Amino acid sequence: MMATDDIAIVGLACRFPEASSPTQFWQNLAQGRESIARLSDAQLRHAGVSDSEFEQPSYVKAYTPLADVDKFDARFFGVPTAEAKLMDPQQRTLLEIVYHALEDAGALQTAQQSETGVYATGGGITRSYLYQEATKHFNGNSDTGSLLQLLNDKDFLATRVSYKLNLQGPSLSVQTACSSSMVAVHLARSALLSGEIDIGIAAASCIRLPQDRGYNAAESMIYSPTGRCRTFSDDADGTIFGSGSGAVVLKRYQDALADGDHIYALLKSTAVNNDGAGKFGFTASSVPGQAKAIVKAIALAGISADQLSYIECHGTATKIGDPLEIRSLEKAFSLDTDKKQFCHIGSVKPNIGHLEQAAGLASLIKLALMIKHRRLVPTINFRAPNPKLKLPQSPFKMALDYEAWEPEQQRRYAGLNCLGVGGTNVFAVLSDLPTTDTTLSNDNSFVEPAQDVLCLSAKTKAQLVEYIECIANDERPLPLCALAYNINTSRAHLPIRNTVVINRDMSIAQWREQALTKISAPSEQRRMTFDKPAHYICNPTEFVNPSQLAALTTDMRCQHFTDTHQRWLDSEALTLIIASTAPFAQHVAQLFAFELALYEQLKHWGMKMASFLGEGIGQYVQLLLAGVPLQKWLNTLEKELHTHQRHLSHTQTDCFSQMGEVAIEQEVHLASEAPIIYRNRPSDNTTESVCVCDSGRFTATDLWSLLATIVDQGAHINWQNYYPFNAFEKHTLPNYPFEKKRYWLVDED
Amino acid sequence: MLDAQQIKNAILDSIIQEVATVLSEKSLPITDLQSATAFSELSLTSLDLAELISNLEARYEVDPFEELVAITSVVTFDDLAAAYTLSLSGQSKQPHDALSEELKAIKNQTR
């Protein structure tokens with residue numbers, strides 16, 4: 001594939017009016033839903049609006065209902081209750097949204113290890129009801145460094161996300177009014193292209209509080225006096241502002257392909273500029289300003305305007321703004337084409353209102369979903385075209401139906417126009433994936449394993465149960481091994497864990513059953529934890545047979561085992577042992593290579609080991625690992641092998657386990673508090689421990705059971721090492737179910 | 001017949017008159033209003049400006065904002081008067097306007 005400047009949208013999350021997830025948002029868009037609710041007088045009074053206020057004829061009793069603005073999973077993010085109540089809900093919601101977007105991108109773990117940039121924007125402070133309330137409670141202390149400032153000011157919007165999610169790339173708040181979130185996208189894209197970052201997060205949160213208070217349309221001509229947004233319609237009378245949060249995760253397209261990411265759409269280009277002084281006033285929009293950004297973005301995308309088949313417009317539904325936007329687009333298109341009415345236009349604002357700083361991301365997420373689903377969705381509240389748009393003479397026609405998006409050109413190219421009061425314009429060009437690249441990602445020879453582990457985890461037991469149910473009830477469940485891969489690699493591994501050994505042919509219902517049974521089983525008393533390095537005690541009791549070896553060398557997750565095993569067999573020490581004339585010398589060499597490779601494989605998967613100790617014949621393995629010269633102990637080993645042969649006739653197993661007792665004496669230091677992993681369950685097991693193999697006879701299943709056990713007990717597994725690169729395709733799965741607990745400043749405790 | 005300059009001067013006078021009316025309705029100080037005065041220098045809200053445009057539209061029966069604002073930037077009274085003059089002359093659809101030239105330059109620079 002040629003190097004491109006394309007950026008891939010690999011993850012997204014949102015909470016918009018009447019849509020708690022991108023899935024629900026898409027359903028609402030497809031159905032042409034208007035998420036605007038009417039307010040009763042009682043609701044208005046409750047929100048603090050006086051009768052004299054809302055009885056004015058220009059008062060509009062409408063709002064865009066955004067659910068759960070008062071709720072937050074403070075415990076999850078480690079925020080004390082008092083601070084959670086004081087923190088701007090815009091910032092609280094943004095933490096959850098960015099977390100979900102990273103989950104969706106499968107990048108929650110890799111984001112912390114990469115240069116991950118956060119570009120975030122938030123809604124107003126001066127109009128913040130909560131801030132005003134809080135100022136009363138804190139006797140006006142909102143000075144620099146005060147809790148009130150730290151938990152509310154926009155300066156801390158992006159940096160709090162970076163702090164709470166441990167992201168170490170650039171982190172900055174971006175504010176250009178209604179174009180803020182697309183400027184954030186532009187900055188993330190630029191940083192990706194310059195190589196400054198490897199993962200970019202653009203996020204926006206604009207929540208108007210109290211939500212249900214309506215507005216007086218007489219205050220500004222941009223307010224719709226009817227409480228609806230009718231973009232491009234002849235009865236358009238202004239806009240209704242709304243609340244919402246959204247985030248997208250961006251990567252360079254080549255990286256996304258290489259990482260096997262699930263790509264919604266490509267961001268081909270973005271262009272940002274400012275109108276400058278050449279306009280009526282500071283708040284006016286400007287045709288030259290918009291048109292210049294549009295032309296630049298189209299040129300940067302390397303396409304011609306007639307390849308665009310859809311434009312997601314800013315479309316505020318104001319009398320002056322709408323025609324100026326169409327004129328700007330028309331002007332830019334006229335450089336490339338004089339074709340009429342070939343390109344669909346639409347806007348999300350009639351559906352969910354104008355989300356101000358988050359408006360651009362609402363448009364972007366809508367467009368990304370349209371590209372993913374290859375569907376146009378209706379722009380609602382459209383009666384007849386505003387004659388001032390002069391649509392018939394323009395390149396544009398309204399998108400009014402939920403229909404297949406099948407442009408004449410094979411590729412779906414779309415534009416996104418976003419404007420901000422103050423004159424900062426953004427235009428972006430998006431596209432679907434080139435068809436040649438879509439099948440490229442899964443060309444490896446990975447064979448689906450017969451067994452695996454599926455580790456789901458949460459901060460609390462109740463949330464873990466909810467999480468299991470969410471995953472089990474997913475409308476389009478993945479095959480279990482693909483599910484395990486997606487969960488293990490894309491989700492955080494939190495303190496309360498549930499790890500189940502799964503079989504390839506298990507159903508999701510069977511997994512759910514097992515997972516829930518395991519949770520409800522009475523937990524063992526004080527268990528050891530594997531979140532710190534363990535002692536590994538190598539005490540094999542049987543020689544390895546070829547089928548045991550093959551079970552591992554044919555498993556793609558055990559590549560490191562296979563490599564290490566061969567390396568040891570080829571080593572000078574084992575070559576000498578194999579050449580020995582002592583009985584069982586070859587079996588012993590095979591056993592030693594197996595044991596060392598097994599140990600190295602466990603470490604490669606991320607298990608932290610404090611020490612490697614040998615018991616019985618394992619003491620020789622310890623000597624090998626420690627690099628003790630073979631001359632010092634080969635004779636002892638050979639003597640023992642002769643003894644073993646003599647005793648074979650009667651007490652076979654005893655002899656084997658006693659072997660190694662005459663090996664060179666080794667010093668043993670066991671830090672008492674460290675957990676212990678035995679290769680085999682010892683006969684006189686009095687200490688708390690786990691073992692690779694319970695029965696003496698090793699099977700591959702033992703490994704997955706061991707993994708399940710120690711992951712449940714806090715072990716950190718490096719899933720990137722565990723799975724072969726791009727073992728399965730990445731998929732969108734249900735997100736972590738945050739606890740919906742109310743934190744509200746004016747509530748009594 | 002009036003030439004373009006005379007028409008423009010007449011329009012400029014009526015713009016100044018309309019602005020003065022709006023300002024006095026709002027009891028705002030009517031400062032020295034000249035052709036070089038920028039709309040943004042006055043304490044006019046977007047609502048006031050909309051009212052002004054609507055009044056001018058009623059008087060001249062043309063709306064320069066449909067076409068001309070697309071290619072000219074209206075900052076001062078003089079700019080607006082020029083836009084009306086052009087609208088009234090019927091020459092509003094110039095194929096090679098200055099903006100198009102500027103856009104072409106941007107396109108060529110970017111590629």
Side-chain angles (χ1 to χ4, degrees), chain A residues 217-223 238 269 271 273 275-305 318-336 338 386-390 393 421 423, chain B residues 15 18-19 22 26 36-54 56-57 62-84 87 92-111:
Chain A
E219 283 170 11
S220 166
M221 67 175 292
I222 54 175
Y223 292 151
S269 67
N273 68 4
D275 295 333
K279 56 182 182 178
F280 224 53
F282 185 65
T283 57
S285 67
S286 144
V287 168
Q290 291 184 62
K292 286 175 195 174
I294 298 167
V295 166
K296 190 170 180 185
I298 292 173
L300 278 173
I303 62 166
S304 152
T318 54
K319 282 191 182 103
I320 296 177
D322 279 4
L324 291 185
E325 185 174 12
I326 296 299
R327 286 292 82 75
S328 310
L329 285 162
E330 195 175 44
K331 213 69 207 167
F333 271 58
S334 70
L335 296 194
D336 291 337
D338 54 11
N386 176 347
K388 291 198 172 174
L389 304 179
K390 298 186 177 166
Q393 296 104 286
V421 165
Chain B
I15 289 173
E18 289 288 350
V19 170
V22 173
K26 300 189 66 175
T37 305
F39 286 96
S40 57
E41 292 171 40
L42 309 167
S43 308
L44 294 175
T45 65
S46 54
L47 211 57
D48 301 329
L49 289 170
E51 189 191 329
L52 172 72
I53 299 301
S54 153
L56 289 170
E57 195 181 337
V62 290
D63 179 8
F65 284 84
E66 278 185 33
E67 285 299 329
L68 284 157
V69 177
I71 49 173
T72 56
S73 300
V74 175
V75 177
T76 61
F77 292 178
D78 193 62
D79 294 337
L80 187 60
Y84 274 102
S87 266
S92 58
K93 284 185 181 173
Q94 299 173 39
H96 297 291
D97 54 83
L99 176 59
S100 289
E101 293 306 319
E102 217 179 326
L103 294 177
K104 273 178 203 159
I106 290 173
K107 180 177 161 179
N108 293 333
Q109 270 171 17
T110 308
R111 288 232 160 117

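Numbered from 1 within each chain, the chains take letters A, B, ... in sequence-line order. Note that the structure is a prediction, hence the values are computed from the model and not measured.
Residue B:Lys107 qualifies as enclosed at atom NZ: its count of foreign heavy atoms under 6.0 Å is above 12. Other residues, nucleotides and ligands contribute over 12 non-hydrogen atoms within 6.0 Å of the CG atom of B:Asn108.
Residue A:Ala277 touches chain B through its backbone alone, counting heavy-atom pairs closer than 4.5 Å. For A:Ala218, the part lying near chain B is the backbone, with the side chain staying farther off; criterion is any non-hydrogen pair under 4.5 Å. Of the two parts of B:Glu41, neither the backbone nor the side chain holds a non-hydrogen atom closer than 4.5 Å to a non-hydrogen atom of chain A.
Contact count against chain B (heavy-atom pairs under 4.5 Å) is highest for A:Asp336 among A:Asp336, A:Ile298, A:Leu389.
The closest side-chain heavy-atom distance from B:Phe39 to B:Asp79 is not below 4.5 Å.
Under the 3.5 Å distance criterion, the side-chain polar atoms of A:Ser269 are matched with a main-chain donor or acceptor of A:Ala297.
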